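Note that the coordinates shown come from a computational prediction; the quantities given were computed from them, not determined experimentally. Letters go in sequence order (proteins before strands), and every chain restarts at 1.
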Number of protein chains: 4
Amino acid sequence: MRTYISRFFTQGPADVREFSDALAKGLITPKSIVAIIGKTEGNGGVNDFTRELAIRALSEVLAPFLDLERHQVEDHIMMSFSGGTEGVVAPHFLVIWRIQEFEAPTGPKRLAVAVARTRPFRPDEVGHLPMVAETARCVKELMQEAQVKPGDVHFVQIKGAIAPFSPGQKAEPRNNMAYSRGASAIGIALALNEIDPTKVSDEAILQDWDLFSHVASTSAKPGLERSEILLIGNSAAWSGDLMAAHRVMKDIIDIEAIRSLFVELGFTGFPLTNDERQRVVGLFAKAEADRRHLLRGIRHTMLSDDDISDTRYARCVVGTLLVALSGVSACYISTRAEHHGPLGGGPIAMIARTDE
Amino acid sequence: MRTYISRFFTQGPADVREFSDALAKGLITPKSIVAIIGKTEGNGGVNDFTRELAIRALSEVLAPFLDLERHQVEDHIMMSFSGGTEGVVAPHFLVIWRIQEFEAPTGPKRLAVAVARTRPFRPDEVGHLPMVAETARCVKELMQEAQVKPGDVHFVQIKGAIAPFSPGQKAEPRNNMAYSRGASAIGIALALNEIDPTKVSDEAILQDWDLFSHVASTSAKPGLERSEILLIGNSAAWSGDLMAAHRVMKDIIDIEAIRSLFVELGFTGFPLTNDERQRVVGLFAKAEADRRHLLRGIRHTMLSDDDISDTRYARCVVGTLLVALSGVSACYISTRAEHHGPLGGGPIAMIARTDE
Amino acid sequence: MRTYISRFFTQGPADVREFSDALAKGLITPKSIVAIIGKTEGNGGVNDFTRELAIRALSEVLAPFLDLERHQVEDHIMMSFSGGTEGVVAPHFLVIWRIQEFEAPTGPKRLAVAVARTRPFRPDEVGHLPMVAETARCVKELMQEAQVKPGDVHFVQIKGAIAPFSPGQKAEPRNNMAYSRGASAIGIALALNEIDPTKVSDEAILQDWDLFSHVASTSAKPGLERSEILLIGNSAAWSGDLMAAHRVMKDIIDIEAIRSLFVELGFTGFPLTNDERQRVVGLFAKAEADRRHLLRGIRHTMLSDDDISDTRYARCVVGTLLVALSGVSACYISTRAEHHGPLGGGPIAMIARTDE
Amino acid sequence: MRTYISRFFTQGPADVREFSDALAKGLITPKSIVAIIGKTEGNGGVNDFTRELAIRALSEVLAPFLDLERHQVEDHIMMSFSGGTEGVVAPHFLVIWRIQEFEAPTGPKRLAVAVARTRPFRPDEVGHLPMVAETARCVKELMQEAQVKPGDVHFVQIKGAIAPFSPGQKAEPRNNMAYSRGASAIGIALALNEIDPTKVSDEAILQDWDLFSHVASTSAKPGLERSEILLIGNSAAWSGDLMAAHRVMKDIIDIEAIRSLFVELGFTGFPLTNDERQRVVGLFAKAEADRRHLLRGIRHTMLSDDDISDTRYARCVVGTLLVALSGVSACYISTRAEHHGPLGGGPIAMIARTDE
């Protein structure tokens with residue numbers, strides 16, 4: 001198998017012109033697409049409709065190529081958009097596709113991708129152990145399918161389930177975005193042996209911050225019945241010229257983690273040279289304003305601003321660092337990072353073309 | 001002469017506890033203070049009252065030491081606060097004071113500071129050549145007073161005059177903040193021989209963006225009759241252990257400019273080591289979202305967000321870079337940078353203790 | 001002819017479920033629809049994509065009924081959405097359709113509607129007299145077509161042209177939203193003999209605030225080549241049970257204007273009774289924070305808040321009054337009201353079922 | 001006793017010019033002042049420092065008249081400022097003072113005011129029954145002191161205690177603003193026999209929304225050890241020309257409640273006449289966006305906007321109604337109304353000069 005990734009910068013959430021051209025010219029094989037992941041210029045909050053607009057526009061373009069109705073496309077391709085391009089992050093999306101090669105690869109490990117859906121979750125399962133377990137099961141299945149070992153997994157993107165809240169119905173206390181993200185992240189950590197399984201309990205979710213994944217990037221979408229999972233790793237069973245790596249930022253300005261990530265993929269330092277920059281295909285991060293209101297012992301004001309959400313600041317900070325240090329403004333960064341790296345920190349990952 | 005700078009992190013705009021303690025203990029000589037410059041956690045806009053609150057609190061503490069009324073302190077000490085500690089910038093202020101030494105210095109150039117006020121400006125002078133000329137005259141006077149050569153000036157902070165707008169009165173079209181800042185910056189550039197004086201005209205202000213200063217940091221305060229100017233440079237006539245340097249960022253993510261600034265002051269790279277960090281006394285920047293809506297050819301969305309001002313994004317981006325790359329969260333960064341560096345870029349400066 | 005209006009409350013910008021049902025059940029004749037006008041829960045600003053999402057969703061539903069492609073529907077039906085349901089205004093839309101009756105009406109004047117497009121405008125025409133003239137010509141044509149006399153026009157909704165701004169190209173100084181709206185409004189006023197034609201000049205646009213229309217509601221959409229116009233009035237040539245009326249609010253809290261509007265349509269006072277409320281079909285307003293920063297001599301703070309746009313406050317204020325006094329939360333209110341009523345005031349209109 | 005109220009509109013949070021003049025001219029007896037209550041143009045949130053600025057400015061002016069230090073004034077005069085003058089509410093404050101008369105009054109009931117402080121609360125008492133009980137005890141004491149019967153109490157303003165949150169210390173789960181306001185409101189209701197005392201329990205706080213006060217207006221201030229209470233009512237033991245009345249709005253647009261309030265104080269309807277308007281001295285309200293996301297069965301979007309807080313919308317809506325219907329823009333309105341009126345509604349009150 002071989003993974004291909006095409007990147008498109010957009011002039012608005014519904015801008016599919018270049019993608020449409022690429023499809024028309026046969027530069028992308030539509031039926032091979034497994035996922036589209038991108039950033040739109042919304043606020044990233046409850047009333048961010050740019051994600052819906054982007055997915056609708058992409059689905060409309062893809063539907064005829066897939067012999068589907070517009071609304072069915074999402075059942076076949078995982079589409080995960082995050083709102084919020086604060087600061088210097090550019091609105092863009094990555095189209096991820098994979099093709100069966102004729103010959104088995106013999107070279108080094110190369111980028112492997114795979115997607116799956118969990119079984120549907122009941123409202124009372126969201127944020128509880130059943131969600132953790134089913135998420136872990138799916139991640140393991142994906143590793144098997146893609147022939148990726150736990151240590152070679154570099155990014156796991158989850159669009160997590162939560163039941164829509166029905167007025168009049170008894171609300172499940174954990175049927176909310178925070179618990180859904182937290183349970184999904186712990187599920188990933190469990191599948192990848194990142195944490196001690198005996199420490200995983202209902203009580204630990206959103207409580208024991210020492211339990212975390214180094215490669216999770218989970219969100220939650222009200223109304224989604226099944227969580228959607230995209231696994232990104234390296235595997236000897238795959239060929240091509242792409243590779244992934246990851247690190248965990250200890251805190252929101254941990255530039256040593258960024259440098260170390262760059263170095264692992266063969267880059268020399270900050271900022272990347274022009275040639276090096278051409279090799280960068282994807283940058284990913286999950287960020288959070290430290291809830292202790294402190295950064296390295298000094299007060300930050302991201303959480304005490306009632307005019308602007310801390311999520312916007314957190315994306316702006318980590319996005320700025322990744323964009324400025326790499327010189328690449330196509331960075332997928334999202335926020336609320338429960339059990340994603342240590343408190344106040346978060347995972348970062350990169351996909352790059354090899355320089356060999 | 002010798003310059004001293006004391007830094008105070010704050011828990012709120014009116015937090016003067018530690019400063020008050022320092023005065024009480026005699027750690028700062030109140031009558032030697034020439035300027036206090038700081039960041040508060042306001043929005044940096046028209047309705048940001050945190051600056052007024054900070055100045056009021058500081059004045060109240062200083063008044064008895066200076067035998068003045070609270071409201072008179074501002075006439076004797078330049079107090080310049082900028083709202084907006086977006087992201088990882090910490091609310092703080094620097095108290096800058098200077099003391100006459102007994103012996104003339106014989107060593108290398110050391111930090112020199114001086115403050116002055118322009119003559120009062122009429123509303124029809126603001127944003128016009130008379131403001132440019134008077135600002136330039138004052139800056140030259142300050143260089144002479146402090147024995148600093150034009151090439152040794154590293155930061156010029158101006159709190160610029162604009163007449164208050166009186167309802168019913170004919171509004172002067174240039175009596176606004178943008179023109180006041182622009183004229184002040186060109187005045188600095190003129191005094192320091194940074195620009196060709198024959199190109200300076202009324203028409204050039206806010207029009208010819210090739211005219212700019214590398215060391216300006218100007219703001220404008222409605223109701224201020226005279227501009228207040230703080231000049232920061234190095235001089236052989238001064239002693240002590242502080243030095244300043246500056247660079248111009250070509251664009252908002254120009255980390256090479258930051259590295260070069262660090263190197264000039266004897267630091268080895270990114271991020272600063274723990275020891276190096278202890279030497280950093282002040283970080284200063286003026287930033288702006290590129291009005292062409294582009295960063296290195298790719299779209300940015302800082303100017304097309306009607307929920308959040310571009311000034312907040314610009315401060316967050318440059319503040320993040322300076323704080324993350326130095327490891328020092330006390331960074332004075334302000335926005336709207338007309339004629340401060342090239343379009344989309346801006347000046348940065350640092351004051352550090354020498355390592356000798 | 002007879003006008004029908006169907007109202008749909010929405011659960012999100014793309015919510016077309018009930019509308020879709022109504023079409024499926026044959027309750028609305030798709031080919032008779034002339035306009036859809038509505039409110040979405042966006043910010044009403046440059047980065048409000050909820051309008052695009054709503055129009056896309058509606059177009060997708062309508063396309064098969066009209067034998068059109070999704071993107072062609074807008075060429076046949078005027079769709080005008082305004083973002084911003086601040087406070088108690090409910091997201092909703094009105095579908096306006098008209099049907100040829102067999103017999104000529106013999107009763108009193110009834111609601112008449114008509115839509116048209118201007119010729120395309122060049123960038124240098126936007127905000128200038130050619131736009132005024134062509135808008136006026138179209139409005140007159142619409143009055144003739146619909147057999148509505150100038151005094152019987154109660155609301156003229158314009159989605160005005162402005163050329164997209166191309167980077168690199170010389171910007172036309174008036175090719176912006178404010179001038180487009182202003183020229184459109186003066187065009188309406190001219191067609192309806194509301195103003196002295198000798199006072200209309202290029203200089204008067206956005207300058208002479210005594211020139212205004214009592215029934216205009218204009219917006220501007222970057223990229224729109226031709227302005228789209230919906231005229232709403234009463235006419236003896238139309239039948240049915242709907243009637244319109246309008247007033248001008250002298251200022252943003254002019255509840256006497258609202259009462260007078262209600263009374264004209266046969267209502268008894270504030271708030272409407274349950275029965276009366278059933279008769280209300282549409283509420284329309286154009287509002288603005290008084291740019292003199294004063295309301296009846298007392299300061300308001302809508303224009304000096306850098307966190308929240310004055311447009312959001314203005315919509316919230318007038319929307320609150322119309323919704324609370326009528327008890328009907330489906331109110332179409334938009335902002336920026338250059339030459340729409342006196343400075344600080346603006347037009348309001350209502351469509352109601354007659355009680356006969 | 002006799003109550004006097006002086007109203008001052010402000011040009012900024014620290015504007016005390018007119019108040020200062022009034023003191024200098026002897027128009028107000030400083031030592032008779034019991035409370036100052038006002039609105040500033042902040043955001044009303046955690047990072048609203050306009051309240052602190054206003055109180056500091058007022059205290060500085062009052063201190064010499066009271067032979068106190070600036071920071072001691074708050075111990076003698078209750079100063080309660082609320083941020084947020086959204087829409088048409090004007091920044092202003094009311095100075096409330098009372099003077100012992102020589103002769104006992106013989107006429108009808110007149111405005112009575114009294115202030116007190118509770119005992120200090122421990123963090124684990126905030127939001128619990130001890131806070132309810134002590135608040136009720138104080139309110140009863142105030143009624144006794146001012147000779148006001150429970151049915152004659154029209155407004156009880158509480159600035160409620162909450163312990164500052166210390167990092168590292170175990171957080172008390174109810175030591176937050178919502179629980180403090182809720183417990184204070186229930187305390188008022190208990191003292192005034194508005195609720196069945198057997199229904200009051202720890203569990204009922206922020207849970208049983210049928211328990212509410214009709215006259216409460218409570219806030220909470222982190223760091224305040226004792227709650228401060230201002231009681232406003234009518235009493236035969238007081239003289240003067242002022243009277244108070246109150247109503248409860250059933251929902252956020254309940255204009256019948258407003259009309260009924262106006263009528264009780266002798267006004268004829270909406271809007272007040274010029275003469276009537278002169279009689280209005282104070283308008284007060286507590287408002288909240290209905291947490292069920294519905295207003296009279298139709299969706300509102302105040303709670304699903306991540307850019308603007310629902311508190312700003314709620315204040316704008318109720319403020320608009322009170323200001324527009326009365327014609328008086330000096331309206332004290334604050335938000336978060338736990339146990340203040342029914343869910344989605346809230347108390348309103350007015351103080352007016354009698355027309356006799």
With a 4.5 angstrom heavy-atom cut-off, which part of [X] approaches chain C: side chain, backbone, both or neither?
X: D:V318; result: neither
X: D:F9; result: side chain
X: D:Q11; result: both

* Check D:V317 against C:G87 and note the closest heavy-atom contact, atom names and distance. =>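 Residues D:V317 and C:G87, closest heavy atoms: CG2-CA, 3.7 Å.
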* Asked: So, for C:A324 and D:I255, which heavy atoms are closest and what is the spacing to 0.1 Å?
  ->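 Heavy-atom minimum between the residues: O-CD1, 3.8 Å.
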Neighbour count above 12 (heavy atom, 6.0 Å) for [X] [atom1]:
X: C:R17; atom1: CZ; value: no
X: D:R277; atom1: CZ; value: yes
X: D:E18; atom1: CD; value: no

So, do [X] and [Y] sit near enough that their side-chain heavy atoms are less than 4.5 Å apart?
X: D:L295; Y: C:S329; answer: no
X: D:C316; Y: C:M302; answer: no
X: C:D305; Y: D:E41; answer: no

Return the option, out of [options], with the maximum number of heavy-atom pairs under 4.5 Å with chain D.
options: C:H300, C:E86, C:H92; answer: C:E86
options: C:V323, C:I298, C:N43, C:I252; answer: C:I298
options: C:T10, C:D251, C:D290; answer: C:T10

Output yes when a side-chain donor or acceptor of [X] lies under 3.5 Å from a complementary backbone atom of [Y], and no otherwise.
X: D:R296; Y: C:V328; answer: no
X: C:T301; Y: D:T85; answer: yes
X: C:R299; Y: D:P91; answer: no

* Straight-line distance of C:L325 CG to D:I253 CD1, nearest 0.5 Å ->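 Rounded to the nearest 0.5 Å, the CG-CD1 separation comes to 9.0 Å.
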* Nearest-0.5 Å distance that lies between atom CG in C:D307 and atom CG in D:N47 ->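 C:D307 atom CG to D:N47 atom CG measures 8.0 Å (nearest 0.5 Å).
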* Contact winner vs chain C - D:P271, D:A90, D:G269, heavy-atom pairs under 4.5 Å ->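 Of D:P271, D:A90, D:G269, D:P271 has the most heavy-atom pairs under 4.5 Å with chain C.
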* To do: Would you check, one step at a time, whether the test side chain to side chain contact (heavy atoms under 4.5 Å, CB included) holds for C:R259 with D:F270?
  => CA-CA 10 Å; C:R259 190 201 306 270; D:F270 300 147; 4.0 Å; yes
